[in-house]
Amino acid sequence: MLIKRSPNGIELPFSSEITPREVFESRRSFIKQLAVGSIAGGALLEMASREAFAQGTPGKLGAKLNPSYSALDKQTAFKDASTYNNFYEFGTGKDDPAHNAHTLKPRPWTVSIEGEIKKPLTLDLDQLLKLAPLEERVYRLRCVEGWSMVIPWVGYSLSELIKKVEPTGNAKYVEFISLADKAQMPGVGSRVLTWPYREGLRMDEAMHPLALLTLGMYGDVLPNQNGAPVRIVTPWKYGFKSAKSIVKIRFVKEQPRTAWNEAAPSEYGFYSNVNPDVDHPRWSQASERRIGEDGFLVRKRKTLMFNGYNDVAPLYAGMDLKKFF
Ligand SMILES: Nc1nc2c(c(=O)[nH]1)N[C@H]1C(S)=C(S)[C@@H](COP(=O)(O)O)O[C@H]1N2
Ligand SMILES: [Mo]
């Protein structure tokens, strides 16, 4: 298998599906040309918008692509990314969130930041949107169930927020708590999980620049079903570590309990780094199905260690990742 190395050390397999940098750049200038009107015509415009969509656009949020943190894999269609979801607060079926999440009210919204920090804060959405420059980051998302997507998120490193609240020496972990409001979320009350949905990271993981405080995708704000108005995305971990619609970020001394770990401790560990060598007790994690590439003849993709984000490897130096799965 051909492995290409991107500027940030992310290993990219399947080179035939990678957009070479030159093609990428020339497409961009083509789109610019269209924008200034030097080329016109309905068909071309239609093509331009499709191209712009494929590469991400500044969009309503005005985020600038951060190429050094972006995978060049072909992006998942917005339609797929916004209709095939896991968000158990709105039901356990893949299409439940898209059907049911219209009852979520993403504004007004506040996130309270508390615990082992010198500057506890409550931030509303506008404050969150202005806390640091918004970036577009194209990340692979690998669900523990064996499928993956490639999504252009909008946000900034979680570390930007962490620095502002000045954690004390006791802050060893960060806990993320999702909204659990039965009035807005018909799935809360079901017994699949204990609510609210909770996730967590070790402090050094949370400080890693790849950990994204996410406020949008595909240039615009997050659709409700994708975790509006604010979620976490940790692309080197299985998707369930990326808690949606968060209302609280708490800095704590001890490793926090998490919703999936409580539900099935032998299946979902605290770390949950993507790891093709550690199988889920009920299925292999060696390969994955990329959403949008379905089809009888389409081969599954090999799952990469840390989902290809090798930059994070030093965080786990000396740890037995079979034990700390
Ligand atoms: N609050 C909450 N966050 C959640 C979930 C959930 O059920 N509730 N599902 C997780 C899982 S299993 C995955 S794979 C991702 C899916 O994110 P997406 O729908 O935006 O692709 O969200 C994660 N975050
Ligand atoms: Mo998942």
Side-chain angles (χ1 to χ4, degrees), residues 75-101 103-104 106 109 111 137-155 175-182 184-201 211-218 220-249 256 258-264 267-269 272-274 280 282-283 285 288-292 303 307:
Q75 291 175 22
T76 301
F78 174 81
K79 177 96 182 130
D80 288 333
S82 59
T83 56
Y84 189 89
N85 302 102
N86 274 337
F87 199 169
Y88 279 19
E89 287 86 334
F90 295 100
T92 55
K94 291 286 172 278
D95 52 357
D96 286 343
H99 286 134
N100 300 332
T103 49
L104 177 73
W109 192 277
V111 179
R137 307 252 191 110
V138 184
Y139 283 168
R140 289 184 286 272
L141 179 131
R142 169 61 158 80
C143 177
V144 75
E145 295 165 342
W147 49 267
S148 62
M149 297 198 200
V150 182
I151 298 180
W153 302 107
V154 176
E175 196 181 3
F176 306 99
I177 298 155
S178 298
L179 180 73
D181 178 6
K182 275 189 195 173
Q184 298 179 60
M185 301 169 138
V188 169
S190 85
R191 284 186 297 178
V192 267
L193 290 173
T194 45
W195 313 100
Y197 192 95
R198 282 143 297 130
E199 258 309 332
L201 295 170
L212 193 70
L213 188 95
T214 306
L215 295 148
M217 65 183 220
Y218 299 85
D220 206 343
V221 295
L222 288 168
N224 289 353
Q225 59 269 34
N226 293 88
V230 55
R231 68 179 292 177
I232 299 298
V233 179
T234 46
W236 71 98
K237 292 176 178 284
Y238 291 117
F240 69 87
K241 295 295 291 179
S242 301
K244 292 177 167 181
S245 305
I246 56 177
V247 290
K248 200 175 285 194
I249 300 177
T258 65
W260 275 107
N261 183 255
E262 272 178 4
E267 302 190 8
Y268 310 104
S272 286
N273 293 313
V274 174
H280 186 279
R282 292 184 280 130
W283 59 83
Q285 292 293 28
E288 67 200 56
R289 181 173 66 91
R290 183 65 55 85
I291 300 295
T303 288
N307 204 17

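Both ligands and their constituent atoms are indexed starting at 1 by order of listing. Here the structure is a predicted model, which is why all the values come from computation and not from measurement. All heavy atoms count here, side chains included; hydrogens, waters and symmetry mates do not.
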Per atom 6 (C) of ligand 1, closest listed option by heavy atom (Tyr197, Tyr268, Tyr84): Tyr197

Do the ring centers of Tyr88 and Trp260 come within less than 6.0 Å of each other? yes

Donor-acceptor under 3.5 Å (Trp283 side chain, Val144 main chain): yes

Tyr268 side chain to Ala259 backbone, donor-acceptor under 3.5 Å: no

Atoms of ligand 1, numbered as shown, that sit under 4.0 Å from any heavy atom of Tyr88: 6 (C), 7 (O)

So, 4.0 Å and heavy atoms of Arg231: is ligand 1 close enough to count as a contact? yes

Report the member of Asn86, Val192, Ile177, Ile246 with the shortest heavy-atom distance to atom 9 (N) of ligand 1. Asn86

Could you list the atoms of ligand 1 found under 4.0 angstrom from a heavy atom of Cys143? 14 (S)

Shortest reach to atom 11 (C) of ligand 1 by a heavy atom, considering only Trp260, Phe176, Phe240: Phe240

As an exercise, identify every atom of ligand 1 less than 4.0 angstrom from a heavy atom of Asn85. 18 (P), 19 (O)

Minimum heavy-atom distance between Ala180 and Met185, given as atom pair plus value: CA-SD, 4.0 Å

Sub-3.5 Å donor-acceptor pair from the side chain of Arg231 to the main-chain atoms of Asn226, do we have one? yes

May I ask you to check if ligand 1 and Trp153 share an N or O to N or O distance below 3.5 Å? no

Proximal ligand 1 atoms for Phe87, defined as those under 4.0 Å from one of its heavy atoms: 1 (N), 2 (C), 6 (C), 7 (O), 8 (N)

In chain order, what residues pass the salt bridge (Lys or Arg N to Asp or Glu O under 4.0 Å) check against Lys182, with sequence neighbours excluded? none

Identify which of Thr92, Asp80, Leu141 has a heavy atom lying nearest to atom 21 (O) of ligand 1. Leu141

Min N/O separation Ser178 to ligand 1 under 3.5 Å: yes

Under 4.0 Å between a Lys/Arg side-chain N and an Asp/Glu carboxylate O for Lys94 and Glu145? yes

How far is atom 8 (N) of ligand 1 from its nearest protein heavy atom, and which residue and atom name does that atom have? Glu89 OE1, 2.8 Å

Would Ser242 count as a contact residue for ligand 1, given that I'm defining contact as a non-hydrogen atom of the residue lying under 4.0 Å from a ligand atom? yes

Under the rule for salt bridge (Lys or Arg N to Asp or Glu O under 4.0 Å), what residues qualify as partners of Glu262, not counting sequence neighbours? Arg198, Arg257

Please could you name the atoms of ligand 1 that Asn226 approaches to less than 4.0 Å, counting only its heavy atoms? 18 (P), 19 (O), 20 (O)

